[in-house]
Amino acid sequence: MTALRRSVGAFATAHRGVLTVVGSLGAIVVLGFVLAGRWNEFAAALTGAPLAILALAAAMQLASLLTRSESWLVCVRAAGGTVGRRRVFRAASVGYAGNVVNGQLGFAMRIAALRRSAPEDSPKAMALATTEVPILIVEGSLAALFSFTLVAPLGWPWWVPLVAFAVMLGVLFGVRAVARHRLQGWCSGLAVMREAGPRTRVIVLVTAGICFQIARNWLLLHAVGVNASVFDATAVIIAVAFLGTLPLGPTTGASATVLILGASGVGAVAAAGVLLAGTGAVAALVYASWALGDKLWVARHDIRHRMDDRRRTRSALAAVRGMPAHLAGLSVPHRRLVERAYFGGLTHLQLARLLPAPA
């Protein structure tokens, strides 16, 4: 059984892109079947959302990405990283752009981007990957705490949320114990769990980011005519988080909204899911565009400094190449003195043969 699980995991890792494409196409086919006969309702809901509401929803998603990036920065620095905020945010933006396609791809891109841009100032790759664990635990704990919102839509027994919360509580205490007793290797990525101050900051930031996403869900559901409550919007975000672990690609939002709120009108609910995915992608691309612009702005100063260094180097070389001629103009005693003091006794003729010829 263990060998089978490893084989399945290796296959999924090697064929992640193919699985995402297949999963996305499968979800599109299922949604198309569900929307059969409701395309007019879907189109009316999709085109009826005001642009101002869509812009506000994208801004809320961007705020959520920024708060999550800040929480990651807290975890990275607690793990011993000294990398600056701008580099962490640029790396995070790359990962969130990748999340549009696949969550695992975005995670890998985020870690690789930070290691590439700050190899000396960021934790090692395994420790850096582990810095995501405290954030995921906070998100999972909040999802378990509010999982009662899934009982009615999915027909779960009433005790499932209690079990889920107990499991997450056990995970939380287990990770804190590991963080306290194991300080080296990949466990150093859990260092934020050891101290109350950084741990509280991560909890507050992650909670704020989730609140932004719940507000965005509620806003878009009402924009397409679905009379959803805050609990409905919370259930959608939990469903999106769980379905995001599957290779569904950009169809995750629509699949989650139909799964949770399909009884409220499949056409309008599916339109809300598409708008969730669309505004999320816009926010991720805006974030990535800022990162690209910021990198080019910093590179502009680096290029200017390199050009200044080259000019100074050329000036220094020109002065060095003219040195033998200047030495030849000195009297013999003075020239011998300079040759012994600065050039180890080399004569001006020997020095001229050693220096490169003028370009």
Side-chain angles (χ1 to χ4, degrees), residues 63-96 98-99 103-104 106-147 161-214 237-238 241-242 244-245:
S64 175
L65 297 180
L66 292 174
T67 55
R68 201 180 191 282
S69 300
E70 182 67 22
S71 65
W72 189 40
L73 173 66
V74 175
C75 295
V76 170
R77 289 184 173 174
T82 57
V83 61
R85 176 176 281 104
R86 291 171 72 172
R87 287 193 177 185
V88 171
F89 276 45
R90 288 203 300 262
S93 71
V94 173
Y96 294 138
N99 282 356
Q104 290 77 19
F107 169 74
M109 291 174 62
R110 186 160 60 249
I111 300 302
L114 187 56
R115 284 293 302 164
R116 188 183 306 113
S117 64
E120 301 297 330
D121 299 329
S122 60
K124 300 299 182 182
M126 285 301 298
L128 187 59
T130 313
T131 57
E132 284 282 324
V133 173
I135 299 174
L136 294 176
I137 289 176
V138 175
E139 292 176 340
S141 300
L142 291 173
L145 181 63
F146 289 95
S147 60
L162 298 178
V163 173
F165 185 70
V167 169
M168 288 308 304
L169 204 61
V171 171
L172 176 62
F173 282 111
V175 171
R176 284 190 62 185
V178 172
R180 287 177 177 177
H181 296 94
R182 296 178 180 267
L183 309 180
Q184 303 296 326
W186 63 269
C187 293
S188 62
L190 305 174
V192 74
M193 303 293 291
R194 290 198 294 266
E195 300 180 10
R199 184 172 65 245
T200 302
R201 286 186 61 194
V202 170
I203 293 173
V204 170
L205 288 167
V206 172
T207 303
I210 290 177
C211 288
F212 280 125
Q213 293 190 34
I214 293 173
I237 194 174
I238 296 174
F242 278 99
T245 61

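Index from 1, following the sequence.
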> salt bridge (charged side-chain N to carboxylate O under 4.0 Å, His left out) with Arg199: which residues, sequence neighbours excluded?
Replying inline: none

> Residues two or more places apart in sequence or in another chain: which of them pass salt bridge (charged side-chain N to carboxylate O under 4.0 Å, His left out) with Arg176?
Replying inline: none

What closest approach, in Å, do [X] and [Y] show between heavy atoms, and which atom pair accounts for it?
{"X": "Val192", "Y": "Pro198", "result": "CG2-CB, 3.6 Å"}
{"X": "Ser64", "Y": "Gln213", "result": "OG-NE2, 2.9 Å"}
{"X": "Met109", "Y": "Gly95", "result": "CB-CA, 4.3 Å"}
{"X": "Pro134", "Y": "Cys75", "result": "CB-SG, 4.3 Å"}
{"X": "Ala164", "Y": "Ser147", "result": "CB-OG, 4.4 Å"}
{"X": "Ile111", "Y": "Ala129", "result": "CD1-CA, 3.9 Å"}

>> Checking Thr131 now: which residues fulfil side chain to side chain donor-acceptor pair (under 3.5 Å) with it, not counting sequence neighbours?
In response: Trp72

> Taking only residues two or more places apart in sequence or in another chain, which ones pass side chain to side chain donor-acceptor pair (under 3.5 Å) with Ser71?
Replying inline: none

> Do other residues, nucleotides or ligands put more than 12 heavy atoms under 6.0 Å from the CZ atom of Arg201?
Replying inline: no

> For residues 122-141, which residue pairs qualify under salt bridge (Lys or Arg N to Asp or Glu O under 4.0 Å), counting only residues two or more places apart or in two chains?
Replying inline: Arg68-Glu132, Arg68-Glu139, Arg110-Glu132

>> Show me the pairs that pass salt bridge (Lys or Arg N to Asp or Glu O under 4.0 Å) and involve residues 71-87, at least two apart or across chains.
In response: Glu70-Arg85, Arg86-Asp294

Would you indicate whether the side-chain heavy atoms of [Y] and [X] approach each other to under 4.5 Å?
{"X": "Pro123", "Y": "Val76", "answer": "yes"}
{"X": "Met193", "Y": "Leu172", "answer": "yes"}
{"X": "Leu145", "Y": "Ser141", "answer": "no"}
{"X": "Phe89", "Y": "Leu66", "answer": "yes"}

> Where the side chain of Arg180 meets the backbone of Val175, is there a donor-acceptor pair that is under 3.5 Å apart?
Replying inline: no

